Amino acid sequence: MPLRVYNTLHRAKEEFVPGQPGRVTMYVCGVTVYDHCHIGHARSQVIFDVIYRYLRYRGLQVTYVRNFTDVDDKIINRAHELGVPPQELAERFIGEFYTDMNALGIERPTHEPRATGHIPQIIEIIRQLEKNGYAYKKKSGVYFSVRKFADYGKLSRRDIDEMQSGARVDVDEDKKDPLDFALWKASKPGEPAWDSPWGAGRPGWHIECSAMSSHYLGQPFDIHGGGQDLVFPHHENEIAQSEAAVGRPFVRYWLHNGFLQINHEKMSKSLGNFFTIREVLAKIPPEVLRFVLLGVHYRHPLDYFDGALQEAREAVDRVYTAAETLRAQTFAPTEPDEAKLTPAQKEIWAVLQPVLPTFVEAMDDDFNTPRALGQLFELVTLINTLATKGKLKDEPGRAMLFTAAARAFDAMRGVLGFPIAEPADYRRRCAELVLAQHEMKAEDVERRIAERNQARAAKDFARADVIRNELAALGILLKDTPAGTTWYAK
RNA sequence: GGCGACGUAGCCAAGUGGUAAGGCAGAGGUCUGCAAAACCUCCACACACCGGUUCAACUCCGGUCGUCGCCUCCA
């Protein structure tokens, strides 16, 4: 089965064929580092992390580049407000970005270039554009002449003339045409600046992606990703610059993720209706957020609400419980041999066998993570069944079934990056979270448990239940086992 | 105005030209002092509405209504 992806350029799903057999080159627009990331950024990063993981799972060698925009008007303005140097501000939020990404289990791309580290490459493209007659210099900077690029609008399906009629009045009188955009911005006093053939200044926003992508990946490269809002003008402009400069196509497959919405409205900084990743992770473990983000197909809008997190929490707990169950089993890795299965085991095998292939099929279909998660839950049920049902315990069938289940589970986990951690680590973090929320210590819980067990020993079950219910109200659930009472955070 | 997406059970969300994955919630059962977890069983007379094509449409086509996005910085 071939991998099929939805290419924004053609508005259709098409078979994914890398430019070079066995190798994939991929670039995703990162973040402008002037503030904490919000959960919309998280969605984009999680999705492309999964795509990166899946391509490798498919046996492809992937070079993945994700940039940092570390010089830009927003950074400069923010730095000015805070009275710190722009570079220092950028540095700080790059650090914060990693804190969030690490929590969410996002792998490091192959290269993570910064705009300020690639000024020579940026200048080179502008020089080439000037030479090819697409760029012109004005007092305020160097601009790209959109009308000279015949293919302009091919990604966002826009017609230049219609755009112009609807275009707002541009305050920048310097441009020859309101559609033109800056390649190089002349610096004002006190702003970060680099020398260039056109005087001291800094790169325009779009040019950095053109420069860094082609520097690391060549041109054309295979996949360029980002949020839907980047289709126009950012990606349209990237195409114009890169193709006009080099004379070759820029990107083969354009992938765009849909938005996170709050109450059916786009969540964005400009609307002010956003949650930072950090805020959300103060309330729930990161795997819950990751799960929620993968629960909707990446191109569809995802409506975010608090209740969804609580619901998802139940589901995530269940996956971890199954992971615990699986890890608790001892079995020697055993290759499939249907002849060695009992009739009851054969029934399970018939259900278990197609789970991973179906998962792969779902991922092959434009990275259908909701369907893939469906298969993960099928597997969860199977794992629990295997561990529960006595009639499935005959060897070597039992070992064989567990081997297959464990392999499928690990494969899915590798692709989805979910569950993020080992179960014990997850439980520990959940416990810390709930204790922190109630300003409690583990000893407080242990003491209550001891009190309850005294009551139970005295057959004072009413009192025992009161204690349990009190803890439950805090999100602390007790579990009585033959080995004693344990607790976990809900 | 131009371009585009979406409208599936109480909620979230996949999906297919031939009668609907999965999750959450809910009901019953096994287990338990009672619970929890786990397991088993149940839970969409039709997928916004109206037409059309078809032997057959939720699934294709047209229209209507509704919601949202891009066209300006934005994942």
Side-chain angles (χ1 to χ4, degrees), chain A residues 8 11 28-32 37-48 72-74 77 153 156-159 161-170 178 205 225-234 236 256-261 263-271 274 291-292 294-305 307-308 310-319 321-322 324-325 358 362 365 368-378 380-381 383-389 456 459-462 464-465 468-469 472 477-481 485-488 490:
Chain A
T8 308
R11 302 287 156 100
V28 171
C29 288
V31 294
T32 301
C37 285
H38 56 63
I39 53 181
H41 295 113
R43 181 175 196 198
S44 181
Q45 293 307 320
V46 165
I47 282 158
F48 287 105
D72 140 295
D73 290 351
K74 286 194 291 289
N77 293 339
S156 55
R157 303 276 165 111
R158 271 165 232 279
D159 182 272
D161 293 313
E162 283 176 9
M163 277 170 55
Q164 186 151 35
S165 63
R168 301 183 185 187
V169 180
D170 201 298
W205 174 37
Q228 229 156 43
D229 50 352
L230 297 181
V231 172
F232 187 91
H234 185 52
E236 195 71 68
H256 292 97
N257 65 275
F259 289 120
L260 208 65
Q261 303 184 338
N263 296 326
H264 299 290
E265 240 184 2
K266 173 183 173 180
M267 183 182 84
S268 74
K269 292 220 171 160
S270 37
L271 291 174
F274 65 92
F291 175 76
V292 166
L294 292 176
V296 177
H297 185 85
Y298 78 90
R299 283 190 284 114
H300 293 177
L302 194 170
D303 211 31
Y304 177 91
F305 59 102
Q310 203 43 57
E311 280 183 15
R313 174 63 192 273
E314 300 295 334
V316 171
D317 276 353
R318 235 185 105 212
V319 175
T321 299
E324 261 165 354
T325 301
T358 304
D365 183 17
N368 193 327
T369 54
R371 230 168 94 201
L373 282 170
Q375 290 308 114
L376 178 62
F377 279 97
E378 294 290 342
V380 162
T381 300
I383 289 168
N384 291 333
T385 302
L386 279 173
T388 311
K389 292 281 196 292
R456 289 174 73 211
K459 303 277 187 224
D460 185 359
F461 294 119
D465 289 350
R468 185 177 59 201
N469 291 337
L477 298 186
L478 305 186
K479 183 177 168 188
D480 296 324
T481 74
T485 302
T486 61
W487 69 277
Y488 61 95
K490 186 189 66 172

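Letters A, B, ... mirror the listed sequences (proteins, then strands); counts begin at 1. Bear in mind the structure is a predicted one, so any value in this text is a computation, not a measurement.
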Next item on the list: Using whole Å, report how far CG of A:L302 lies from C1' of B:G7.
Entry: 16 Å
Note to self: Of the listed nucleotides (B:A75, B:A13, B:C39), which one gets closest to any side-chain atom of A:V296?
What the structure shows: B:A13
Margin query: Taking only the P atom of each, what is the distance from B:C47 to B:A36 in whole angstrom?
Written below: 36 Å
Check: Has A:W487 got a side-chain N or O lying under 4.0 Å from the OP1 or OP2 atom of B:A36?
Finding: no
Next item on the list: Working to the nearest 0.5 Å, report the span between OH of A:Y488 and CG of A:L477.
Entry: 4.5 Å
Next item on the list: Send over the distance from A:L373 CG to B:G23 P, rounded to a whole Å.
Entry: 11 Å
Note to self: In dot-bracket form, 5' to 3', how is RNA chain B paired? Count Watson-Crick and G-U wobble pairs only if both distances fall under 3.5 Å, and write | where the partner sits on another strand.
What the structure shows: (((((((..(((.........))).(((((.......))))).....(((((.......))))))))))))....
Check: For A:G295, which contact category applies under a 4.0 Å heavy-atom criterion: base, sugar-phosphate, or nothing?
Finding: sugar-phosphate
Margin query: Taking B:U67 as the reference, what is the distance to B:C49 when you measure between their C1' atoms (whole Å, please)?
Written below: 15 Å
Check: For the side chain of A:R318 and the base of B:G23, is some donor closer than 3.5 Å to an acceptor across the two?
Finding: no
Note to self: Between B:A20 and B:U59, how far apart are the two C1' atoms, rounded to whole Å?
What the structure shows: 11 Å
Check: Roughly, in whole Å, what's the span from CD in A:E311 to P in B:C24?
Finding: 9 Å
Notebook entry, point to check: What pairs with A:F274 under ring-ring contact (aromatic ring centres under 6.0 Å, His included), at least two apart in sequence or on another chain?
Noted result: A:H38
Check: Are A:H234 and B:C73 close enough that a side-chain N or O sits under 4.0 Å from OP1 or OP2?
Finding: no
Note to self: At 4.0 Å (heavy atoms only), tell me whether A:I47 reaches a base, stays on the sugar-phosphate, or touches nothing.
What the structure shows: nothing
Notebook entry, point to check: B:C12 and B:C3: how far apart are their P atoms, nearest whole angstrom?
Noted result: 31 Å
Notebook entry, point to check: Just checking A:F461: base, sugar-phosphate only, or nothing, at a heavy-atom cut-off of under 4.0 Å?
Noted result: base
Item checked: A:R371 to A:A362 - nearest heavy-atom pair and separation -> CB-CB, 3.7 Å
Checklist line | Nearest-Å distance once atom C1' is located in both B:C71 and B:C61 | finding: 28 Å
Check: Which value, in whole Å, describes the distance between the P atoms of nucleotides B:G29 and B:A48?
Finding: 37 Å
Next item on the list: Can you sort out the partners of A:R299 under salt bridge (charged side-chain N to carboxylate O under 4.0 Å, His left out), two or more places apart, ordered by chain and number?
Entry: A:D366
Checklist line | 5' priority, RNA chain B, between A:A312 and A:G227 [closest heavy atom] | finding: A:A312
Next item on the list: Select base, sugar-phosphate, or nothing to describe what A:K74 touches, counting heavy atoms under 4.0 Å on all strands.
Entry: sugar-phosphate
Next item on the list: Can you sort out the partners of A:Y298 under ring-ring contact (aromatic ring centres under 6.0 Å, His included), two or more places apart, ordered by chain and number?
Entry: none
Notebook entry, point to check: What distance separates A:L294 CG from A:I47 CD1, expressed to the nearest 0.5 Å?
Noted result: 7.5 Å
Check: Side chains of A:R157 and A:T8: donor-acceptor distance under 3.5 Å anywhere?
Finding: no
Checklist line | Atom pair distance, as rounded to whole Å: CZ in A:F274 and P in B:C73 | finding: 19 Å
Next item on the list: Using only heavy-atom distances, decide whether a donor-acceptor pair under 3.5 angstrom links the side-chain of A:D480 to the base of B:C34.
Entry: yes
Item checked: Closest-nucleotide 5' rank along RNA chain B - winner of A:F291 and A:A462 -> A:F291
Checklist line | Base B:C34 to side chain A:R468, donor-acceptor N/O within 3.5 Å cut-off | finding: yes
Check: So how far is it from A:R456 CZ to A:F461 CZ, rounded to the nearest 0.5 Å?
Finding: 7.0 Å
Next item on the list: For A:A308, answer base if it contacts any base atom (sugar-phosphate contacts may also be present), sugar-phosphate if it contacts only those atoms, and nothing otherwise; contact means non-hydrogen atoms under 4.0 Å.
Entry: nothing
Margin query: Side chain of A:L260 only, heavy atoms from C-beta on: which candidate in B:A75, B:C39, B:A21 is closest?
Written below: B:A75
Check: Closer than 4.0 Å, any side-chain N/O of A:N368 to the OP1 or OP2 of B:A14?
Finding: no
Margin query: For a quick check of understanding: with a heavy-atom distance under 4.0 Å over all strands, which category does A:V231 fall into, base, sugar-phosphate or nothing?
Written below: nothing
Check: Contact class for A:T381 vs. all strands (heavy atom < 4.0 Å): base, sugar-phosphate, or nothing?
Finding: sugar-phosphate
Next item on the list: Between B:C24 and B:G4, how far apart are the C1' atoms? Round to whole Å, please.
Entry: 32 Å
Next item on the list: Check every strand shown and say whether A:H300 touches a base, only sugar-phosphate, or nothing at a heavy-atom separation below 4.0 Å.
Entry: sugar-phosphate
Margin query: Does A:D465 contact B:G33 through a side-chain donor or acceptor facing the base, at a distance under 3.5 Å?
Written below: yes
Next item on the list: Among the candidates B:A75, B:G23, B:A38, find the nucleotide nearest to the side-chain atoms of A:V31.
Entry: B:A75
Contacts under 3.5 Å, N or O only, protein and nucleotides 66-69 of chain B:
{"unit_1": "B:C68", "atom_1": "O3'", "unit_2": "A:H264", "atom_2": "O", "d": "3.3"}
{"unit_1": "B:C68", "atom_1": "O2'", "unit_2": "A:Q261", "atom_2": "NE2", "d": "2.8"}
{"unit_1": "B:G69", "atom_1": "OP1", "unit_2": "A:K266", "atom_2": "N", "d": "3.4"}

Margin query: Using a 4.0 Å heavy-atom cut-off, does A:T321 contact any base of the nucleic acid, only the sugar-phosphate backbone, or nothing at all?
Written below: sugar-phosphate
Margin query: To check you understand the geometry: which heavy-atom pair defines the closest contact between A:K269 and A:H41, and what is its length?
Written below: CE-CE1, 4.3 Å
Check: At their closest point, which heavy atom of A:L302 faces which heavy atom of A:V292, and how far apart are they?
Finding: CD1-O, 3.7 Å
Check: For A:H234, what residues pass the ring-ring contact (aromatic ring centres under 6.0 Å, His included) criterion, not counting sequence neighbours?
Finding: A:W205, A:H206
Next item on the list: Report which part of the nucleic acid A:G30 touches: base, sugar-phosphate, or nothing (heavy-atom distance under 4.0 Å, all strands).
Entry: sugar-phosphate
Note to self: Can a donor-acceptor pair be found, under 3.5 Å and without considering hydrogens, that links the side chain of A:S44 to the backbone of A:G40?
What the structure shows: no
